[in-house]
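Below is one structure, written out as structure tokens; the observations come after it.
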2 protein chains.
Amino acid sequence: MSTQSSDKRTLLVETALDLFYRQGIHAVGINEVLKVSGVAKKTLYNHFSSKEALIVATVEQRDQRFQAWLTKRLAKVAAGRATIEAIFIAVDDWINERDPALGPFRGCFFINTSAEYSEDSCEIFQCCQRHKQSIRGVLYQHALVALGEEAAAQRLADSLVLLKEGAIVAGHLMGDKQAAVKARETARRLMGLG
Amino acid sequence: MSTQSSDKRTLLVETALDLFYRQGIHAVGINEVLKVSGVAKKTLYNHFSSKEALIVATVEQRDQRFQAWLTKRLAKVAAGRATIEAIFIAVDDWINERDPALGPFRGCFFINTSAEYSEDSCEIFQCCQRHKQSIRGVLYQHALVALGEEAAAQRLADSLVLLKEGAIVAGHLMGDKQAAVKARETARRLMGLG
DNA sequence: TATAAGGTAGACCGATCTGTCTATTTATGT
DNA sequence: ACATAAATAGACAGATCGGTCTACCTTATA
């Protein structure tokens, strides 16, 4: 009974995420999501109380997909410096669309979304914040393995966050498809590789 | 004759820029710009052929304001490394709203705008791209003074771009008000300051 | 096979959007 | 002072927005 129901829900979220990521959120109306997904309007409002609820679901979906993708990419890599480098390699593949898992590259969905919903009290914005904090957690974890000391690992994680976010922005807005490669090289210098 | 006219135009652009930056572009209607500025609708469409033309004007205005602000901040600083550090200090003041010239901090207007208009062929997007390239030019210029060698200066400029964009994103989306300080410290390490 | 839940198609509502147009007033330059 | 140009207020048009609702259909299970 819930297979049909949850299938529709998933289809709506996936369709909305795809359209929102490509065109921005305000630029995509509910009716377009319905048309592309082939789902009836009543069904949408049966699953979601409003467009905002659908948006929150797409942000959470993107977070899950991104983290699952990253986890898989890092699965066979040794913890610490090797994983940190692998993260930048993964971002490079994303920017250059060599990995179909994340779809086309249109910058960071969370950055894009928080550009449209930047009230601190807004749930959508807070979802974006949580995602970024979560990624920072991964970086810190491996920085700690690499350096062994907490304060230094925090500083390294901070730097790596800047490089990763900067690479995504440069890859999108400046069209620099080498941005993640440069970020990786910079990260290596910071981690003390001559 | 053109004082009245250009005053109205300027007022429209300043008002629109303020509203767009605070709330996003699609979220702000023409009527709101008119209401806040107190200008008549016909006057707006006398100066701009469409909302898109107004948006382009706001992006160009922001570019000019940002560059003028940065130029002033760097005026009395020695070229090279000192200026590079001063850029990060300026960004820090911006993030923490210690400098009224740029208004409240809501992330980077160009990043935010290109999140809503990310078609490569879109004029709005291209304006945002030009701004970023221009800033990179400033960084490269001073990297060259600092290092004296072109290839190395290009690499340094690339790294500095990542740190600067990363700091703006982290300052906004992660709420890390120390992001630019961390970026500056990272930049110092890259420039070889023990 | 009867029941109930969920999906479909789309009309409909009120609000809002961009953009046009009219009619009137204000300001500028000669 | 007069002519020209520009600004004003706001009605209006046509489209689209998010969201509600009705009426019918499909499907799974007891």
Side-chain angles (χ1 to χ4, degrees), chain A residues 1-59 112-113 115-117 119 122-125 127, chain B residues 1-59 112-113 115-117 119 122-125 127:
Chain A
M1 89 200 187
S2 73
T3 68
Q4 169 96 302
S5 173
S6 97
D7 277 358
K8 294 294 176 186
R9 203 195 122 100
T10 301
L11 177 59
L12 283 167
V13 173
E14 301 256 350
T15 304
L17 173 55
D18 186 64
L19 292 171
F20 289 165
Y21 184 42
R22 287 180 137 88
Q23 305 175 37
I25 293 178
H26 280 105
V28 175
I30 287 291
N31 290 317
E32 189 173 352
V33 175
L34 298 174
K35 195 174 192 176
V36 173
S37 64
V39 173
K41 190 175 273 197
K42 181 115 196 228
T43 305
L44 189 152
Y45 283 99
N46 189 25
H47 286 290
F48 303 98
S49 63
S50 65
K51 185 186 183 183
E52 180 164 338
L54 175 63
I55 298 168
V56 170
T58 63
V59 174
N112 295 352
T113 298
E116 295 194 66
Y117 299 90
E119 285 286 323
C122 173
E123 186 182 357
I124 296 169
F125 180 77
C127 285
Chain B
M1 88 198 185
S2 72
T3 67
Q4 170 95 302
S5 174
S6 96
D7 278 357
K8 294 295 175 186
R9 203 195 120 102
T10 301
L11 178 59
L12 283 167
V13 173
E14 302 256 351
T15 304
L17 173 54
D18 186 63
L19 292 171
F20 290 164
Y21 184 42
R22 285 182 139 88
Q23 305 174 36
I25 294 179
H26 280 106
V28 175
I30 287 292
N31 291 319
E32 189 175 351
V33 176
L34 298 175
K35 193 174 193 177
V36 173
S37 65
V39 173
K41 190 175 273 195
K42 182 121 197 216
T43 305
L44 187 152
Y45 283 100
N46 189 23
H47 287 290
F48 304 98
S49 62
S50 64
K51 185 185 183 182
E52 180 165 340
L54 176 62
I55 298 168
V56 170
T58 65
V59 174
N112 295 351
T113 299
E116 296 194 65
Y117 300 90
E119 284 285 322
C122 172
E123 187 183 357
I124 296 169
F125 180 77
C127 286

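Just so it is clear, the model here is predicted, and its values are computed rather than measured. Below, read A as the first sequence line, B as the second, and so on, with proteins coming before strands; counting in each chain starts at 1.
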**Item:** Euclidean distance, B:His26 NE2 relative to A:Ile25 CD1, rounded to 0.5 Å
**Value:** 11.5 Å
Atom [atom1] of [X] to atom [atom2] of [N]: distance rounded to whole Å?
X: A:Tyr45; N: D:dC17; atom1: OH; atom2: P; value: 11 Å
X: B:Phe48; N: C:dT20; atom1: CZ; atom2: C1'; value: 18 Å
X: B:Lys8; N: D:dA9; atom1: NZ; atom2: P; value: 9 Å
X: B:Leu34; N: C:dT16; atom1: CG; atom2: P; value: 16 Å
X: A:His47; N: D:dT20; atom1: NE2; atom2: P; value: 16 Å
X: B:Arg9; N: D:dA7; atom1: CZ; atom2: P; value: 12 Å
X: A:Asp7; N: C:dG7; atom1: CG; atom2: P; value: 10 Å
X: A:Ile25; N: D:dG18; atom1: CD1; atom2: C1'; value: 15 Å

**Message:** Are more than 12 heavy atoms, taken from residues, nucleotides or ligands other than A:Glu14, located less than 6.0 Å from that residue's CD atom?
**Reply:** yes
**Asked** Under 6.0 Å from the CD atom of B:Glu123, do we count more than 12 heavy atoms belonging to anything else shown?
**Response** no
**Closest to side chain of A:Asn46, choosing from C:dT20, D:dG18, C:dG7** = C:dG7
**Request:** Would you check if B:Phe48 and B:Arg9 make a side-chain contact, meaning some heavy-atom pair closer than 4.5 Å?
**Result:** yes
**Message:** So B:Asn31, base contact, sugar-phosphate only, or nothing? Heavy-atom distance under 4.0 Å.
**Reply:** base
**Prompt:** Start at the 5' end of DNA chain D and walk down; is the nucleotide closest to B:Thr43 or to A:Ala27 reached first?
**Reply:** B:Thr43
**Request:** Check whether any side-chain nitrogen or oxygen of A:His26 sits under 4.0 Å from OP1 or OP2 of D:dC17, and answer yes or no.
**Result:** no
**Asked** When only distance counts, do a donor and an acceptor, one from the side chain of B:Lys42 and one from the base of D:dG10, lie under 3.5 Å apart?
**Response** no
